[in-house]
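To keep things clear, I will list the structure first and then write my remarks on it.
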Amino acid sequence: MTNPKGYRRGTRHMFSRKFRHHGHLPTSVYLRVYKRGDVVDIKGDGGVQKGMPHKSYHGKTGKVYNVTPHAVGVIVNKRVGKRILPKRINVRIEHVKPSK
C-alpha cells in the first residue's frame, strides 16, 4: 500500500485525547478571554474537529492578532526551506491556550 497523503496523516497520537479525558471539553476552555497581543500555544484537540490547525503548527507558539467570537487569528513562525516565514492562521479557541 502506498504512503497516504491526507491532511491529518501521521496524527494518530498527536490529536488523541489523554487517558480518562475523552468526551466534552470543560467549560473553562470556552470562557477564556483572548486579546490582541496575547502569546498562545497551539495544540490541536481531537475532541473538536472544527477549526483545527494543520499538524505542522501543533506545539508552536504565536501571537494573537485577531479575535472573533469562536476563533482567534495567530501569527506563527514557520520554517520553509531555509527561510522562516510569519504565517497567519485562524484557529478555534479549543485548540489554543495561554502560553506560560
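The structure displayed is predicted, hence computed values, not measured ones. Values reported hereafter were calculated over all heavy atoms of this structure, with side chains retained and with hydrogens, waters and symmetry mates removed.
Applying the salt bridge (charged side-chain N to carboxylate O under 4.0 Å, His left out) test to residues at least two apart or on different chains, the pairs with a partner in residues 83-93 are R92-E94.
Take P26 and apply the side-chain contact (heavy atoms from CB on, under 4.5 Å) test, not counting sequence neighbours, and it matches S28, V29. Listed by chain and number, the residues in a side-chain contact (heavy atoms from CB on, under 4.5 Å) with R9 are N3, P4, K55 (sequence neighbours excluded). Remark: N77 engages I84, P86 in a side-chain contact (heavy atoms from CB on, under 4.5 Å) (not counting sequence neighbours). Residues forming a ring-ring contact (aromatic ring centres under 6.0 Å, His included) with Y30 (at least two apart in sequence, or on another chain): none. In terms of the ring-ring contact (aromatic ring centres under 6.0 Å, His included) criterion, H70 has no residue partners (sequence neighbours excluded). By the salt bridge (charged side-chain N to carboxylate O under 4.0 Å, His left out) test, R17 pairs with D45, sequence neighbours left out. Taking the side-chain hydrogen bond (donor to acceptor under 3.5 Å, both in side chains) definition, one finds that H58 meets it with nothing, sequence neighbours left out. Residues satisfying the side-chain hydrogen bond (donor to acceptor under 3.5 Å, both in side chains) test with S56, not counting sequence neighbours, are H54. In this structure, D38 has no salt bridge (charged side-chain N to carboxylate O under 4.0 Å, His left out) partners at least two apart in sequence or on a different chain.
In this structure, the side chains of V67 and K35 stay at 4.5 Å or more apart for every pair of heavy atoms.
Heavy-atom minimum distance, T11 versus R8: OG1-O, 2.6 Å. Scanning both residues, Y34 and V96, for their nearest heavy atoms gives OH-O, 3.2 Å. Of all the heavy atoms in P53 and V91, the pair that sits closest is CD-CG1, 3.9 Å.
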Show, in sequence, the C-alpha distance, side-chain angles and deciding distance for K97 and R32, and conclude whether the side chain to side chain contact (heavy atoms under 4.5 Å, CB included) test is met.
CA-CA 9 Å; K97 64 178 183 176; R32 287 195 199 117; 4.0 Å; yes
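The hydrophobic cluster containing I75, built from Ile/Leu/Val/Met/Phe/Trp/Tyr side-chain heavy atoms closer than 4.5 Å, also comprises Y65. Cluster partners of F15, using a side-chain heavy-atom cutoff of under 4.5 Å among ILVMFWY residues and allowing indirect links, are M14, M52.
Going from atom NE2 of H95 over to atom CG of N90 covers 12.5 Å, rounded to the nearest 0.5 Å.
Not a single donor-acceptor pair under 3.5 Å links the side chain of H24 to the backbone N or O of G47.
Between V40 and the options I93, V74, V76, a side chain to side chain contact (heavy atoms under 4.5 Å, CB included) holds for only V74.
In H22, the NE2 atom is crowded: over 12 heavy atoms of neighbouring residues, nucleotides or ligands sit closer than 6.0 Å.
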